[in-house]
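It should be emphasised that the depicted structure is a prediction, and the values quoted were computed from it without experimental measurement. All residue numbers in this chain count up from 1 along the given sequence.
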Amino acid sequence: MPIAKGYAATDASKPLTPFTFERRDPNPDDVVIDIKFAGICHSDIHTVRNEWKNAVYPIVPGHEIAGIVSAVGSAVTKFKVGDRVGVGCFVDSCVGCATRDVDREQYMPGLVGTYNEFEADGKTRTQGGYSDSIVVKEGYVMNIPDNLPLDASAPLLCAGITLYSPLRHWNAGPGKKIAIVGMGGLGHMGVKLGAAMGAEITVLSQSLSKKEDGLKLGAKEYYATNDPATFQKLAGAFDLVICTVSAEIDWNAYLGLVKVDGAFVVVGAPENPIPVHAFSLIPGRKSISGSMIGSIKETQEMLDFCGEHNIVSEIETINIQQVNEAYERVLKSDVRYRFVIDIASLAA
């Protein structure tokens, strides 16, 4: 079996450390990828620290993977050695299930996460992108457009699709007023993608400290939510509000920003239940919804869209030896806007 090197969590309370492990032998329909860059997602931190109570150690995190194809199985038709490719949040699904829906695959049973899961055989643990190589079924590998740099493309595989999917589903485009709550790793992608779709984007952030960035990335307006006047001025202003934050907020106040028949969509993952008053919804026929990543089909569509519009994530590249420090900085919102690990640093 192929040997891979990476960094792993071995316990919820311990830092990530160097880790050598076995990848599975490639099958005829598999693609072998030399990983070049891996983005750091807040989900990585939740998982390795067992905050979602589902961790099985050791865990090699990472589901924002960009690399180069190093080998392909005999049955592979879509990829060849040397191709620039990406792997996102899942590496398999139930292709034979009666409920399978390639347009909504991420919501169907049988999804296999890129790490902290079991592969289809029920025995082999999946391990993620904080490593030098990965073996993935052809149907779960995506092309990265040639004009996009690999390092800044890695976060598109989670942060990008997490915002692209709800923007497309709720028909972002000309004439639509959309608010992005939070100007972080997710939020800044919502600004870029929504603006490229032709929508009028407003950022709602705790303060105005990132206002210059927000306007530069495509927002038309930028407001501080620590100012109560913001909620009065923008009452009923938006067709769609996408909330990217995991912090506690006044949900009813934010619902007041939504137009009649508008939607408030949650893509962040707050720890506590969402307290919403019925009369925050009823008078405006408003809806509160959730959205999670995207299908493989939609993720490739997103990558192609980013290629057409030259959209990538704003990143800070780090060596893998800095990963534990980067986790602490993510928790302090001390990154503009996504950390990406240079996997070449594993050899240092």
Side-chain angles (χ1 to χ4, degrees), residues 1-6 20-39 60-148 150 153-154 156-158 160-161 165 293-307 343:
M1 299 178 77
I3 301 298
K5 295 181 179 179
T20 300
F21 61 103
E22 292 182 339
R23 290 287 188 191
R24 62 177 174 80
D25 288 322
N27 295 313
D29 61 346
D30 280 329
V31 177
V32 184
I33 301 166
D34 284 340
I35 299 174
K36 301 300 181 183
F37 299 97
V60 178
H63 58 207
E64 297 181 342
I65 300 168
I68 304 293
V69 175
S70 60
V72 296
S74 59
V76 171
T77 60
K78 298 178 182 177
F79 302 97
K80 64 184 185 304
V81 172
D83 282 351
R84 295 153 41 89
V85 295
V87 177
C89 298
F90 59 100
V91 292
D92 207 350
S93 61
C94 184
V95 296
C97 292
T99 56
R100 192 177 188 222
D101 182 340
V102 296
D103 292 310
R104 297 183 294 173
E105 190 172 19
Q106 71 273 33
Y107 302 118
M108 299 295 110
L111 209 66
V112 176
T114 304
Y115 63 86
N116 197 46
E117 296 268 4
F118 286 100
E119 298 211 34
D121 62 10
K123 301 175 182 178
T124 306
R125 296 293 302 176
T126 61
Q127 301 287 12
Y130 297 12
S131 58
D132 57 7
S133 65
I134 192 168
V135 180
V136 182
K137 288 173 68 172
E138 176 182 27
Y140 301 86
V141 179
M142 287 149 285
N143 283 296
I144 294 177
D146 289 340
N147 62 307
L148 301 182
L150 278 181
S153 294
L156 300 179
L157 277 303
C158 177
I161 187 58
S165 188
I293 55 174
S295 65
I296 296 297
K297 178 181 174 183
E298 188 175 44
T299 305
Q300 185 63 63
E301 176 188 303
M302 177 272 304
L303 288 168
D304 294 341
F305 179 87
C306 288
I343 297 301

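Using a distance-only test at 3.5 Å, with no hydrogens or angles considered, no donor-acceptor pair links the side chain of Asp29 to the main chain of Ala75. At least one donor-acceptor pair closer than 3.5 Å links the side chain of Glu138 to the backbone N or O of Lys78. Checking side-chain atoms of Arg23 against main-chain N and O of Ser133 turns up a donor-acceptor pair under 3.5 Å.
Nearest heavy-atom pair, Gly294 versus Glu298, reported as atom, atom and distance to 0.1 Å: CA-OE1, 3.6 Å. Between Gly113 and Val91, the shortest heavy-atom contact is O-CG2, 3.8 Å.
Distance check, rounded to the nearest 0.5 Å: CE of Met302 to CE of Met142 gives 7.5 Å. Between the CG atom in Asn143 and the CG atom in Leu303 there is a gap of 8.5 Å [rounded to 0.5 Å]. Note that CE of Met1 is 10.5 Å distant from CZ of Phe21, once rounded to the nearest 0.5 Å. Separating the OG1 atom in Thr114 from the CD atom in Glu64 is a distance of 10.5 Å, to the nearest 0.5 Å. Atom CD1 of Ile296 and atom SG of Cys89 lie 9.0 Å apart (nearest 0.5 Å). Residue Ile65 holds its CD1 atom at 6.5 Å from OG of Ser131, rounded to the nearest 0.5 Å.
Between Glu105 and Phe90, the closest side-chain pair of non-hydrogen atoms falls below 4.5 Å. Counting only heavy atoms from C-beta outward, the side chains of Val87 and Leu157 never approach each other to under 4.5 Å. Residues Tyr130 and Ile35 form no side-chain contact, since every pair of their non-hydrogen atoms from C-beta on lies 4.5 Å or further apart. With contacts defined as side-chain heavy-atom distances shorter than 4.5 Å, the pair Ser165/Ile293 does not qualify. A 4.5 Å side-chain heavy-atom check between Asp30 and Arg24 finds at least one atom pair inside the cut-off. In this structure the side chain of Asp92 reaches within 4.5 angstrom of the side chain of Lys137, judged on heavy atoms. Using a 4.5 Å heavy-atom cutoff, the side chains of Ser153 and Cys306 are not in contact.
With sequence neighbours excluded, the residues forming a side chain to side chain donor-acceptor pair (under 3.5 Å) with Gln300 are Asp304, listed by chain and number. Under the rule for a salt bridge (Lys or Arg N to Asp or Glu O under 4.0 Å), Asp121 has no partner lying at least two apart in sequence or in another chain. In this structure, the salt bridge (Lys or Arg N to Asp or Glu O under 4.0 Å) partners of Arg84, at least two apart in sequence or on a different chain, are Asp146. Residues meeting the salt bridge (Lys or Arg N to Asp or Glu O under 4.0 Å) test with Arg104, sequence neighbours left out: Asp101. Residues forming a side chain to side chain donor-acceptor pair (under 3.5 Å) with Asp132 (at least two apart in sequence, or on another chain): none. For Val81, there are no side chain to side chain contact (heavy atoms under 4.5 Å, CB included) partners two or more places apart in sequence or in a different chain. A search for side chain to side chain contact (heavy atoms under 4.5 Å, CB included) contacts involving Thr20 returns Ile3, Lys5, not counting sequence neighbours. Legend: residues meeting salt bridge (Lys or Arg N to Asp or Glu O under 4.0 Å) with Glu22, ordered by chain and number and at least two apart, are absent. Scanning for ring pair (Phe, Tyr, Trp, His ring centres under 6.0 Å) contacts around Tyr115 gives His63, with sequence neighbours left out. Qualifying side chain to side chain contact (heavy atoms under 4.5 Å, CB included) partners for Ala71, counting only residues two or more places apart in sequence or in other chains: Val32. Scored by the side chain to side chain donor-acceptor pair (under 3.5 Å) test, Asp25 finds no partners at all (sequence neighbours excluded). The side chain to side chain contact (heavy atoms under 4.5 Å, CB included) search around Glu117 returns Val112, Thr126, not counting sequence neighbours.
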Using the rule given for side chain to side chain contact (heavy atoms under 4.5 Å, CB included), can you reason through Leu148 versus Leu156, listing the C-alpha separation, both sets of side-chain angles and the distance that settles it, and then say yes or no? CA-CA 11 Å; Leu148 301 182; Leu156 300 179; 4.3 Å; yes
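When only modelled atom types and interatomic distance are considered, Tyr140 and Ser93 share a side-chain donor-acceptor pair under 3.5 Å.
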